[in-house]
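Down below is the structure, laid out as structure tokens.
Atoms within each ligand, like the ligands themselves, are counted from 1 in listed order. Heavy atoms only: backbone and side chains are in, while hydrogens, waters and symmetry mates are out.
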Amino acid sequence: MDKYLVYGNPIKQSRSPVIHQAFAKQTEQNISYQKLQPEIDGFKEAVNAFIALGGKGANVTAPFKEQALEMCHHLSQRAQQAGAVNTLSFINNEIYGDNTDGLGLVQDLLRHGVKLTNAKVLILGAGGAVKGVILPLLEQQLGALVIANRTVSKAQALCQQFGSDKMQGCGFDDIANIDFDVIINATSASLTGEQPPISDELISDHTVCYDMVYGKSLTPFLMWAERLGAKSVIDGLGMLVGQAAESFNIWRKVMPEVEQVLLDLRADINKSD
Ligand code: NDP
């Protein structure tokens, strides 16, 4: 049986094993998929031990994505640009790295019928997750991509790194009067029940609002957007399942259907405490 796992610290909360087992069942693949929490300084050792045991691949989540990149012999362009790897494949004693977070996001937006071609897109935040989604978003031929962050220099540095004339980096105060089609909250503010301090005027009846964070109830950002009459509000569960589907496809060469897995996962989350 081919062996896979996900590394993170913490990892208890990870739903990746459930998602990958559901994909395996659906596509009739015989795999095992477990979660593992290495010590903060024990990631590389843990990966080498798994390879020695015959592991075929692994997902990587915070805080190990940059260390995963350093271990790879081969990197996809997406992973290179993101400076982070969430999918490792172990083939003939070599390590291949990819980053599927951005594909997961783009596919979830498209699945919800969000038009990205020529769209004016605002991303709030400039952390690791944002690095991973910029290239796949730009590949959708956006009209503009504005990155606004609490620490403005980080947003500006990202724009310099990607070097696209469609991109602009700024602070939360600089975006008040722009009419965006899509606003993506990629800050971790929702995890602490907060929301980025942005103007109510950003929301109108044609604005789609997306939060990378998901949960049983709407995040503070999505609640705020809904109250102000946003066209639609979407949380990040579909992104999570979407990035997992892309990893599964890289390893097993078969693309699973996300829809039913997403419905089951949502039901499971709604049942939990
Ligand atoms: P990072 O820690 O790398 O970045 C955090 C970002 O949030 C920074 O831009 C930071 O700003 C900003 N931030 C934190 N707190 C606040 C606040 N109170 N107000 C305004 N801005 C704030 O995290 P990641 O980029 O890795 O992840 C971001 C979020 O996306 C996380 O919540 C994560 O759970 C989620 N995520 C979801 C995925 C999915 O599949 N659904 C996949 C990946 C991530 P500053 O730079 O100023 O510190």
Side-chain angles (χ1 to χ4, degrees), residues 6-16 18-20 40 59-69 78-79 82-87 98-109 111-112 122-137 146-159 161 169-175 183-199 202 209-216 218-222 224 233-248 258 261-262 265-266 269:
V6 57
Y7 296 102
N9 188 337
I11 198 62
K12 195 164 160 254
Q13 79 296 343
S14 174
R15 295 183 185 271
S16 292
V18 174
I19 297 171
H20 280 276
I40 297 294
N59 283 128
V60 183
T61 186
F64 299 125
K65 289 183 184 180
E66 286 80 14
Q67 286 189 58
L69 178 120
R78 290 190 296 255
V85 158
N86 79 335
T87 306
D98 206 335
N99 189 317
T100 63
D101 283 336
L103 292 180
L105 171 69
V106 165
Q107 274 161 25
D108 198 35
L109 287 166
R111 217 171 45 80
H112 279 92
L122 167 64
I123 298 186
L124 306 169
V130 175
K131 281 193 206 163
V133 302
I134 290 176
L135 191 62
L137 278 173
V146 175
I147 314 278
N149 195 40
R150 184 173 62 181
T151 311
V152 181
S153 57
K154 278 206 220 166
Q156 289 167 336
L158 272 186
C159 293
Q161 182 195 327
C170 59
F172 295 136
D173 291 340
D174 306 317
I175 47 173
I183 304 179
I184 300 166
N185 183 17
T187 70
S188 44
S190 299
L191 296 177
T192 49
E194 294 169 86
Q195 93 168 79
I198 53 171
S199 163
L202 284 168
C209 289
Y210 193 101
D211 199 323
M212 286 194 187
V213 171
Y214 58 85
K216 201 167 173 172
L218 285 183
T219 64
F221 168 72
L222 294 181
W224 166 81
V233 296
I234 310 166
D235 77 8
L237 193 63
M239 175 179 174
L240 176 77
V241 179
Q243 61 78 25
E246 293 291 341
S247 297
F248 192 88
V258 301
V261 176
L262 191 49
L265 200 58
R266 180 78 69 192
I269 288 173

Of all the non-hydrogen atoms in the protein, which one sits nearest to [atom], and at what distance?
atom                    : answer
atom 31 (C) of ligand 1 : Ser188 CB, 3.9 Å
atom 47 (O) of ligand 1 : Thr151 OG1, 2.5 Å
atom 44 (C) of ligand 1 : Ala129 CB, 3.7 Å
atom 4 (O) of ligand 1  : Gly127 CA, 3.5 Å
atom 23 (O) of ligand 1 : Gly128 N, 4.5 Å
atom 9 (O) of ligand 1  : Asn149 OD1, 2.8 Å
atom 15 (N) of ligand 1 : Arg150 NH1, 3.6 Å

State the atoms of ligand 1, each with its element, that fall below the 4.0 Å cut-off from a heavy-atom position in [X].
X      : answer
Gly125 : 9 (O)
Ala126 : 9 (O)
Val213 : 32 (O)
Ala186 : 28 (C), 29 (C)
Leu191 : 32 (O)

May I ask which of [options] has a heavy atom nearer to [atom] than the others do?
atom                    : options                       : value
atom 21 (N) of ligand 1 : Thr187, Ile198, Ile123        : Thr187
atom 35 (C) of ligand 1 : Arg15, Met239, Lys154, Met212 : Met212
atom 18 (N) of ligand 1 : Glu194, Lys131, Lys65         : Glu194

Check: Gln243 side chain, Leu240 main-chain N or O, donor-acceptor pair, under 3.5 Å: yes

What I'd like to find out is whether the side chain of [X] reaches to under 4.5 Å of the side chain of [Y], using heavy atoms alone.
X      : Y      : answer
Glu246 : Asp98  : no
Asn185 : Ser190 : yes
Pro136 : Leu105 : no
Ile123 : Leu137 : yes

Which atom names give the shortest non-hydrogen contact between [X] and [Y], and what distance separates them?
X      : Y      : answer
Gly132 : Ala82  : CA-CB, 3.7 Å
Phe221 : Tyr210 : CE2-O, 3.5 Å
Ala126 : Asn149 : N-OD1, 3.3 Å

Heavy atom of protein inside 4.0 Å of atom 33 (C) of ligand 1, strictly below: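 For atom 33 (C) of ligand 1 the answer is no, since every protein heavy atom stays at 4.0 Å or beyond.
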
Evaluation steps, side-chain contact (heavy atoms from CB on, under 4.5 Å), between Leu218 and Asp235: CA-CA 7 Å; Leu218 285 183; Asp235 77 8; 5.7 Å; no

Ligand 1 versus Leu124: contacting region, heavy-atom distance under 4.0 Å: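 Within the 4.0 Å criterion, Leu124 makes no contact with ligand 1.
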
Short N or O distance, Gly236 and ligand 1, threshold 3.5 Å exclusive: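 N/O-N/O distance below 3.5 Å exists for this pair.
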
Heavy-atom neighbours of Lys12 NZ exceed 12 at 6.0 Å: no

Modelled atom types, side-chain donor and acceptor of Asn59 and Ser247, under 3.5 Å: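 Present: a donor and an acceptor within the cut-off.
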
